[in-house]
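Before any comments, here is the structure.
Read the numbers this way: they start at 1 and go in the same order the structure lists the ligands and their atoms. Worth saying up front: this structure is predicted, and the values here are computed from it rather than measured.
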Amino acid sequence: MNGLEISPFIAALPKVELHVHIEGTLTPALRWRLARRNNVPLPYATYDELLESYNVLYNHRKEVHGDNGAPTFLETYFAGTQVLCQEDDFYELGMAYLEKARDMNVRYAEPFFDLQAYLPRGIAAATVLNGYMRAQREGAERFGVQSNWIMCFIRDRPVEEGIATYEAARPWARIPGGHGLFHAVGLASNEYDRPPMLFEKAFQMAKQDGLHTTMHCDVDQKDAADHIHEAIFDVLGGHGTERIDHGLNALDRPELLQGLASKGIPLTLCPHAYHRRQATDVLFPKLRRLWELEGVKWCINSDDPTYMHNVWIDGAMEKVYHYCGLSKADMVQLSRDAVEISWADEKLKAELLQELERFEEKDC
Ligand code: HPA
Ligand code: ZN
């Protein structure tokens with residue numbers, strides 16, 4: 001997108017990805033194959049029509065712009081999940097991402113998954129989670145990409161449904177006696193009139209189990225800054241979330257930037273996702289400002305690459321490198337920040353930081 005090629009430097013940079021929805025990595029080819037395997041009808045007669053559907057920009061919001069008949073981004077994303085039915089489907093989706101991650105020199109990832117999208121279709125939690133867990137284990141062995149996953153509450157569905165989903169998923173959590181697939185909970189989907197505090201009970205449960213917490217505060221949504229305020233100052237009995245996904249509107253209010261800095265809450269940013277809606281000379285100066293600010297850590301991620309013009313983490317990094325005018329050393333520092341923002345265990349973090357140091361000596 002925008003004619004930027006991935007430079008050899010960005011390609012080789014060791015990476016950590018902390019904001020990628022596994023369902024947002026479903027390629028048209030895998031979707032087509034799974035639809036046929038599972039006899040799931042697609043609203044596209046041919047593969048070319050399916051491919052063409054991915055060219056739509058998906059950047060309008062019905063609540064804001066009205067219904068123009070075209071699907072929104074989230075409608076398209078959840079439509080894609082319909083082809084995932086059997087354990088092998090989830091496994092193959094996970095493996096496809098981890099293989100692609102290996103090819104981009106991603107060493108460690110914390111992918112989100114939306115279990116709640118499958119249970120109403122009668123798919124068992126075990127089907128979804130055993131599939132992802134096999135990918136987690138095999139992906140680490142075969143591709144050398146370690147991962148700890150994050151279960152998202154779907155915020156535009158009832159809170160009680162989210163809590164029931166968490167209870168179904170709990171045996172796969174990284175808790176004593178658990179399988180260790182996921183080590184955190186998040187909050188995703190449409191945040192229109194769905195502030196983080198609605199999910200206080202759900203987050204408290206996960207926190208009591210010893211899991212990490214993160215929540216989406218999408219960019220330029222209605223009440224975006226208020227949602228960030230809650231995520232910093234109100235949730236979890238006022239302690240605040242550990243991380244915020246997106247959260248770029250913190251730049252709109254000084255108290256939000258101060259809160260992020262003083263509480264040490266980092267942002268997982270997805271520059272290409274914002275570039276779909278913001279002009280180059282509007283967006284990248286904001287990221288440059290955030291880069292120059294002391295105290296607020298952030299890292300670069302892809303979000304939903306197959307539904308966002310096939311721009312993956314390497315493409316998102318290339319954009320920041322190019323349009324923010326950062327140096328090679330700055331980009332290495334952003335990768336280092338991603339390691340520190342991650343919830344990888346201390347041993348892996350130390351190994352990744354050492355690798356980045358060697359990389360910097362050689363390539364910067
Ligand atoms: N925003 C909110 N929820 C999501 C997204 C997103 O971009 N992608 C998948 N779930
Ligand atoms: Zn996201």
State whether Trp149 and Arg174 meet the cation-pi test: NZ (Lys) or CZ (Arg) under 6.0 Å from the six-membered ring centroid, and within 45° of the perpendicular axis.
no
Ligand 1 atoms nearer than 4.0 angstrom to some heavy atom of His216 are 1 (N), 2 (C)
Any idea which protein heavy atom is nearest atom 1 (N) of ligand 1, and the distance to it?
Asp218 OD2, 2.8 Å
Among protein heavy atoms, which sits nearest to atom 10 (N) of ligand 1, and what does the distance come to when rounded to 0.1 Å?
His21 CE1, 3.4 Å
Do the ring planes of Phe182 and Phe113 sit parallel (below 30°), tilted (30 to 60°) or perpendicular (above 60°)?
perpendicular
Does Arg102 make a cation-pi contact with Tyr97 (under 6.0 Å, within 45 degrees of the axis)?
no
Counting only nitrogen or oxygen atoms and a 3.5 angstrom limit, does His246 reach ligand 1?
no
Are any N, O or S atoms from His216 nearer to the Zn ion (ligand 2) than 2.8 Å?
yes
Which residue and heavy atom of the protein sit nearest atom 8 (N) of ligand 1, plus the separation:
Asp304 OD2, 2.8 Å
So, the side chain of Thr214 versus the backbone of Gly186: is there a donor-acceptor pair under 3.5 Å, distance only?
no
Among all the protein's non-hydrogen atoms, which is closest to atom 7 (O) of ligand 1, and how far away is it?
Asp303 OD2, 3.2 Å
Metal site angle (apex the Zn ion (ligand 2)), OD1 from Asp303 and NE2 from His19, 10 degrees:
80°
Salt bridge check, Arg336 against Glu340: does any charged N sit closer than 4.0 Å to a carboxylate O?
no
Within-shell test, Phe73 vs ligand 1, heavy atom, strictly < 4.0 Å
yes
Quick check on the hydrophobic clustering: are Phe90 and Trp32 connected, directly or via other members, by side-chain heavy-atom contacts under 4.5 Å?
yes
Ion pair check, Asp209 and Arg170, cut-off under 4.0 Å:
yes
Using a heavy-atom cut-off of under 4.0 Å, does the side chain or the backbone of Leu74 touch ligand 1, or both, or neither?
side chain
Please confirm whether Tyr54 and His309 have ring centers closer than 6.0 angstrom.
no
Among all protein non-hydrogen atoms, which one is nearest to atom 3 (N) of ligand 1, and what is the separation to 0.1 Å?
Ser189 N, 2.7 Å
